[in-house]
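To keep things clear, I will list the structure first and then write my remarks on it.
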2 protein chains.
Amino acid sequence: MKVLSKGCIYGLRALLYIVSEKPPAEYVSIREISEELDISFHFLTKTFQALTQKGILRSYRGPNGGVALAKAPEEVFLADIVLTLEGEDFFNKCLLGLAGCGEAAPCPVHDFWIGHKAELRVEFERTSLADMGKKINRKKLRLGP
Amino acid sequence: MKVLSKGCIYGLRALLYIVSEKPPAEYVSIREISEELDISFHFLTKTFQALTQKGILRSYRGPNGGVALAKAPEEVFLADIVLTLEGEDFFNKCLLGLAGCGEAAPCPVHDFWIGHKAELRVEFERTSLADMGKKINRKKLRLGP
DNA sequence: CATATTTAAGATAAAATAGTATTAAATCTT
DNA sequence: AAGATTTAATACTATTTTATCTTAAATATG
């Protein structure tokens with residue numbers, strides 16, 4: 001059950017690293033994150049671009065530059081990240097991949113699937129980076145291998 | 001939120017076609033199904049091979065050959081199909097794709113995700129081909145474009 | 001034997017992922 | 001202020017994975 005793409009997983013893990021390991025508003029170099037989490041530097045850079053354009057991160061070039069959260073971690077939700085990196089239609093896709101699946105022309109598992117997506121959406125919308133960061137520090141959870 | 005691979009979606013739609021359109025135990029040619037549902041014939045063939053080897057379908061070569069359900073549609077569950085076509089570890093994957101994620105070394109979203117997977121598993125395990133087939137016929141649902 | 005059909009292996013195409021090289025911006029040193 | 005250094009941004013290329021197509025073989029019917 002692979003739900004998220006590599007790019008999204010990388011972005012998420014990287015944000016969690018920033019929020020759980022670094023003081024707020026400090027620029028963290030992408031190189032450091034990519035080495036720490038064993039993620040392709042350039043791929044991560046691309047992913048971060050999307051997050052920067054969306055206003056979730058801000059970036060700064062030059063020595064001691066890097067990326068930092070653009071908002072308080074309490075105000076960035078899992079849903080924001082996922083919708084940015086997977087596309088805004090993330091929660092609207094048919095389980096059977098049928099294009100126009102909806103109330104008007106549902107697929108055989110539409111009813112069942114729509115409920116599931118809604119539940120997941122609620123959970124994604126109420127889980128913030130701060131929530132996850134706290135949990136990581138409290139329980140010493142891992143972000144990488 | 002793309003959860004299933006193309007192969008799995010094709011297999012599922014094809015099985016639903018058989019169960020909802022055809023009398024039980026009649027061999028249906030793969031060519032017919034692929035044309036009816038607009039699916040690549042050879043790709044569907046490969047998918048069906050896996051389902052045949054797993055004992056969900058049986059096949060017959062030669063004129064008037066094809067595939068047919070090997071069991072009663074009441075005894076084939078969504079979970080059987082998905083586990084065959086996506087792999088037995090379908091419900092055991094970490095949302096963040098971390099290899100050894102589990103109770104011993106959980107990722108930051110482990111607790112939350114494990115509950116979701118369990119719910120989905122229950123639903124997949126109690127939904128049979130017969131259930132879905134009836135629904136299709138009752139509500140005239142669609143399987144293809 | 002001729003034909004229809006699944007089975008199977010291998011080649012090709014497309015998409016996702018990863019890597020290389022270059023450019024641009026900010027800072028630091030002299 | 002000039003030039004070197006650090007770092008993100010961008011473009012381009014390569015690799016890997018996934019999906020599709022091509023071809024050939026095996027099996028059944030008549």
Side-chain angles (χ1 to χ4, degrees), chain A residues 1-15 18 22 26-70 85-87 90 93 96-97 144-145, chain B residues 1-15 18 22 26-70 85-87 90 93 96-97:
Chain A
M1 194 182 179
K2 205 191 110 233
V3 170
L4 302 177
S5 68
K6 282 266 169 86
C8 185
I9 288 172
Y10 290 169
L12 197 49
R13 283 170 55 205
L15 287 171
I18 293 171
K22 299 290 171 179
E26 173 185 292
Y27 286 107
V28 189
S29 101
I30 300 181
R31 177 71 61 184
E32 174 190 330
I33 303 172
S34 76
E35 281 170 4
E36 209 59 42
L37 299 182
D38 197 30
I39 292 174
S40 151
F41 168 75
H42 288 92
F43 199 48
L44 187 55
T45 288
K46 262 185 235 170
T47 301
F48 275 168
Q49 276 174 46
L51 292 170
T52 303
Q53 282 160 16
K54 192 62 172 290
I56 292 171
L57 287 175
R58 62 201 151 86
S59 66
Y60 202 75
R61 295 200 261 202
N64 302 316
V67 294
L69 276 183
L85 298 177
E86 295 287 343
F90 182 75
K93 285 185 188 152
L96 298 186
Chain B
M1 193 179 180
K2 206 193 109 232
V3 170
L4 302 177
S5 68
K6 282 266 171 84
C8 186
I9 288 172
Y10 290 169
L12 199 48
R13 283 171 54 205
L15 287 170
I18 293 172
K22 299 291 173 179
E26 173 185 293
Y27 284 107
V28 189
S29 101
I30 300 180
R31 177 71 63 185
E32 173 191 331
I33 302 172
S34 76
E35 280 170 5
E36 209 60 43
L37 299 181
D38 197 31
I39 293 173
S40 150
F41 168 74
H42 288 92
F43 198 48
L44 187 56
T45 284
K46 258 186 227 173
T47 301
F48 275 169
Q49 276 171 40
L51 292 169
T52 303
Q53 280 158 18
K54 192 65 172 288
I56 291 171
L57 287 175
R58 64 201 150 85
S59 66
Y60 202 77
R61 296 198 259 206
N64 304 315
V67 294
L69 276 182
L85 298 178
E86 295 286 341
F90 182 75
K93 284 186 189 152
L96 299 186

> Base, sugar-phosphate, or nothing for A:Tyr10, non-hydrogen atoms under 4.0 angstrom?
Replying inline: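 Counting heavy atoms under 4.0 Å across all strands, the contact made by A:Tyr10 is with sugar-phosphate only.
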
>> Between A:Val67 and A:Leu51, does the side-chain contact (heavy atoms from CB on, under 4.5 Å) criterion hold? Intermediate values first, please.
In response: CA-CA 10 Å; A:Val67 294; A:Leu51 292 170; over 6 Å; no

> Can you list the steps and then say if B:Tyr10 with B:Ile33 is a side-chain contact (heavy atoms from CB on, under 4.5 Å)?
Replying inline: CA-CA 10 Å; B:Tyr10 290 169; B:Ile33 302 172; over 6 Å; no

> For C:dT7, does either OP1 or OP2 sit under 4.0 Å from a side-chain N or O belonging to B:Thr45?
Replying inline: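 False: B:Thr45 side-chain N/O out of range (4.0 Å or more) of C:dT7 OP1/OP2.
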
Any chance you could measure [X], atom [atom1], to [Y], atom [atom2], to the nearest 0.5 Å?
X	Y	atom1	atom2	result
A:Leu96	B:Ile9	CG	CD1	6.5 Å
A:Glu26	A:Asn64	CD	CG	9.5 Å
A:Lys46	A:Ser40	NZ	OG	8.0 Å

Which pair of heavy atoms, one from [X] and one from [Y], lies closest together, and at what distance?
X	Y	answer
B:Glu86	B:Cys8	OE2-CB, 3.0 Å
B:Leu85	B:Ala50	CD2-CB, 4.0 Å
A:Gly7	A:Thr47	O-CG2, 3.4 Å

Rounded to the Å, how far apart are [X] [atom1] and [N] [atom2]?
X	N	atom1	atom2	value
A:Phe43	C:dG19	CZ	P	10 Å
A:Leu44	C:dT17	CG	P	14 Å
B:Glu35	C:dA4	CD	P	14 Å

> If you find the nucleotide of DNA chain D closest to A:Lys2 and the one closest to A:Phe48, which residue's nucleotide is nearer the 5' end?
Replying inline: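 First, find each residue's nearest nucleotide; the 5'-ward one identifies A:Phe48.
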
> Taking the nucleotide of DNA chain C with the closest heavy atom to each, which residue, B:Lys46 or B:Ser29, is nearer the 5' end?
Replying inline: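 Result: B:Ser29.
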
> More 5' along DNA chain C: B:Arg58 or A:Gly7, using each one's nearest nucleotide?
Replying inline: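 That would be B:Arg58.
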
> Stepwise, does the side-chain contact (heavy atoms from CB on, under 4.5 Å) test hold for B:Glu32 with B:Lys22?
Replying inline: CA-CA 12 Å; B:Glu32 173 191 331; B:Lys22 299 291 173 179; 2.8 Å; yes

> 5' to 3' on DNA chain D, which nucleotides open and close the contacts with chain B (atom under 4.0 Å from a heavy atom)?
Replying inline: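 The protein-touched segment is D:dA19 to D:dT29.
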
> In the 5'-to-3' direction, what one-character label does each nucleotide of nucleotides 21-30 of chain C receive under the scheme B = base within less than 4.0 Å of a protein heavy atom, S = sugar-phosphate only, - = no such atom?
Replying inline: B--BSBS---

